[in-house]
> 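Mind having a look at this structure? Questions to follow.
The first residue in the sequence is number 1, and the count goes up from there.
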Amino acid sequence: MREAMAAAEVGDNVIDVDPTIKALEERAAAVLGMPAALWTPSGTMANLIALSVHLQRGDRFLAPKGAHVLTNELGSAAWLAGGMPEALEHDAGPGRPTPETLTAAIGPRIDTYFSLRTTLLCLENTHNAAGGAIIPPHEHAQLLATARQAGLRVHLDGARIWHAAAALGLPPAALTVGVDTVSACFSKGLGAPVGSVVAGSVTFVERARRMRQMLGGGVRQGGVLAAACLVALDRIGDLEEDHEKARRLAAGLAEIGWDVNTPETNIVLVRVADLEVTLKSLWAQGVLALPLGGRVRFIAHRDLTMADIEDALRRIKAGGHP
């Protein structure tokens, strides 16, 4: 990847003449099943661009509880995009509402000057805070149909769409069917140091490019970063190995009495009695993990081997029950 970055052909991306970024955007759009795509420095910026284009100031948007756009992007959807967020319960399974819950949240479509406008649904696949949970294609289709019937646009936060595609054995484009826009990260499991895309129609990308510039996301010789993202796209097929490592870690933790989820992708969540004490103990044992929603979050990634997973389990077992 560093060799590709060093050898990248570059130009000025602010005026859209960097050939490597162009190549990445064209390839990413094809992989995601969208007409066009725009490179961004981060997934947070990609989501913010999409919301800024879709929303008018004061519009309400809906997203599953704990979605990244609600909890991890520091209120930028409200502060900068001008949207009023509302969270949807996960009554269809981790990370996703039922169509009935979505319908109830949208409410009656009353077109008066004093009524709140709900104009956008944001989905997240996989849902990070729900433990890397996947939205199955048939449920995605049902939610899209419900949103469309009510006249809503749909943005998919697909930062980890590669993980969902690998777990389901489907191409990423199969998971974006019907959405207006989608974001995707090249640093989530694929190993790129920097970079995301936001994709949609050609008209959307024209507007998105202007918004990216307003947010300070225009870069000059960005091809050195896009080259890493192109290498990352070749690694989607590797992600099932990370999922296998996560399943082994979860099984091993369950064997020694930990309250652990069954991972759908590469995120393992554990409920513990004292989160702070458990994290300090893990770090002291050389096992690195972070807190998420009151639980311990382990990530199985490409820099770990199955032997590393077994070593971590040995260290955790030696350290005792949380």
Side-chain angles (χ1 to χ4, degrees), residues 28 31-34 37 39-48 50 63-73 90 93-96 121-137 139-140 143 154-177 179 181-199 228-229 231-247 249-250 261-269 289-290 292-293 295 297-304:
V31 170
L32 293 169
M34 306 300 283
W39 181 89
T40 65
S42 71
T44 294
M45 184 180 287
N47 284 335
L48 178 57
K65 186 176 180 179
H68 204 276
V69 295
L70 298 180
T71 60
N72 298 94
E73 297 181 4
H90 300 180
R96 57 196 193 273
L121 170 65
C122 293
L123 297 174
E124 185 175 341
N125 201 8
T126 70
H127 193 297
N128 194 328
I134 297 167
I135 302 177
E139 292 190 28
H140 170 93
L143 291 170
V154 179
H155 172 64
L156 174 61
D157 179 354
R160 290 170 38 85
I161 195 169
W162 326 117
H163 286 280
L168 294 169
L170 295 171
L175 305 181
T176 68
V177 175
V179 304
T181 53
V182 57
S183 63
C185 290
F186 301 111
S187 58
K188 296 292 192 299
L190 302 183
V194 177
S196 294
V197 288
V198 60
C229 299
V231 174
L233 276 175
D234 293 330
R235 296 176 167 177
I236 297 173
D238 297 345
L239 294 177
E240 183 51 35
E241 296 178 14
D242 295 341
H243 301 166
E244 184 179 352
K245 296 169 202 170
R247 289 190 291 269
L249 176 62
N261 72 317
T262 300
E264 295 182 29
T265 52
N266 69 321
I267 297 178
V268 177
L269 297 178
L290 292 171
L292 179 68
R295 291 181 285 182
R297 183 180 73 164
F298 297 92
I299 300 285
H301 55 83
R302 64 180 302 105
D303 294 329
L304 297 174

> Specify the closest pair of heavy atoms between H140 and V177, including all atoms of both residues, with the distance to one decimal.
NE2-O, 2.9 Å
> Could you tell me how the ring of H163 sits relative to the ring of H243: parallel (under 30°), tilted (30 to 60°) or perpendicular (over 60°)?
tilted
> If I take atom CE from residue M45 and atom CH2 from residue W39, how far apart are they, to the nearest 0.5 angstrom?
8.5 Å
> Would you say the side chain of T126 lies within less than 4.5 Å of the side chain of I135, judging by non-hydrogen atoms?
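Result no, sub-4.5 Å side-chain heavy-atom pair not found.
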> Answer yes or no: is there a side-chain heavy-atom contact under 4.5 Å between N128 and R297?
yes
> Less than 4.5 Å apart, side chain to side chain, heavy atoms only: is that true for I299 and N266?
yes
> So do K245 and L249 actually touch side chain to side chain, heavy atoms under 4.5 Å?
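Contact flag for L249/K245 side chains = no.
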> Check this for me, if you would: do R302 and D238 make a salt bridge, where the nitrogen-to-carboxylate-oxygen distance has to be below 4.0 angstrom?
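Yes.
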> Write down the atom of N261, the atom of A250, and the distance for their closest heavy-atom approach.
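Closest approach of N261 to A250: O-CB, 3.8 Å.
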> Any chance you could measure L304, atom CG, to E241, atom CD, to the nearest 0.5 Å?
12.0 Å
> Indicate the atoms forming the closest heavy-atom contact of A129 with R295, along with that distance.
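Scanning both residues, the minimum pair turns out to be O-NH2, 4.0 Å.
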> Tell me if a side-chain donor or acceptor on W162 pairs with a main-chain N or O of L233 at a distance below 3.5 Å.
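No, W162 side chain to L233 backbone: no donor-acceptor pair under 3.5 Å.
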> Working to the nearest 0.5 angstrom, can you tell me the gap between T265 OG1 and L168 CG?
10.0 Å
> Could you walk me through whether E73 and H68 pass the side-chain hydrogen bond (donor to acceptor under 3.5 Å, both in side chains) check?
CA-CA 7 Å; E73 297 181 4; H68 204 276; 2.7 Å; yes
> If we ignore hydrogens and angles and just use 3.5 Å, is the side chain of E264 paired with the main-chain N or O of A133 as donor and acceptor?
no
> Are H127 and P94 packed together at the side-chain level, in the sense that at least one heavy-atom pair is separated by less than 4.5 angstrom?
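Sidechains of P94 and H127: no contact.
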> Closest approach of S196 and G43, non-hydrogen atoms and distance?
OG-N, 3.0 Å
> Could you measure the distance from the CG atom of D234 to the CG atom of L190? Nearest 0.5 Å is fine.
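These two atoms lie 10.0 Å from each other.
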> Is there a side-chain contact between R160 and I267 in this structure, where contact means two heavy atoms from C-beta onward sitting under 4.5 Å apart?
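Answer yes - side chains close enough.
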> Looking only at heavy atoms, which two atoms of L70 and P64 are closest? And how far apart?
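Closest heavy-atom pair between L70 and P64: CD1-O, 3.5 Å.
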> Please determine whether a side-chain nitrogen of the Lys or Arg among R247 and E240 lies less than 4.0 Å from a carboxylate oxygen of the Asp or Glu.
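Looking at R247 and E240, the cut-off is met.
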> Between L143 and L123, does the side chain to side chain contact (heavy atoms under 4.5 Å, CB included) criterion hold? Intermediate values first, please.
CA-CA 9 Å; L143 291 170; L123 297 174; 4.1 Å; yes
> I want to check something: taking the side chain as every heavy atom from C-beta on, are V197 and T40 in contact at a cut-off of under 4.5 Å?
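The answer is no, as the side chains (C-beta and beyond) never meet within the 4.5 Å cut-off.
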> Run through L175, T176, D157 and flag the one making a side chain to side chain contact (heavy atoms under 4.5 Å, CB included) with N125.
L175
> Which pair of non-hydrogen atoms, one from I161 and one from P172, has the smallest distance, and what is that distance?
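Shortest heavy-atom separation between I161 and P172 comes out as CD1-O, 3.9 Å.
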> Can you tell if the side chain of H155 reaches within under 4.5 Å of the side chain of L121, non-hydrogen atoms only?
no
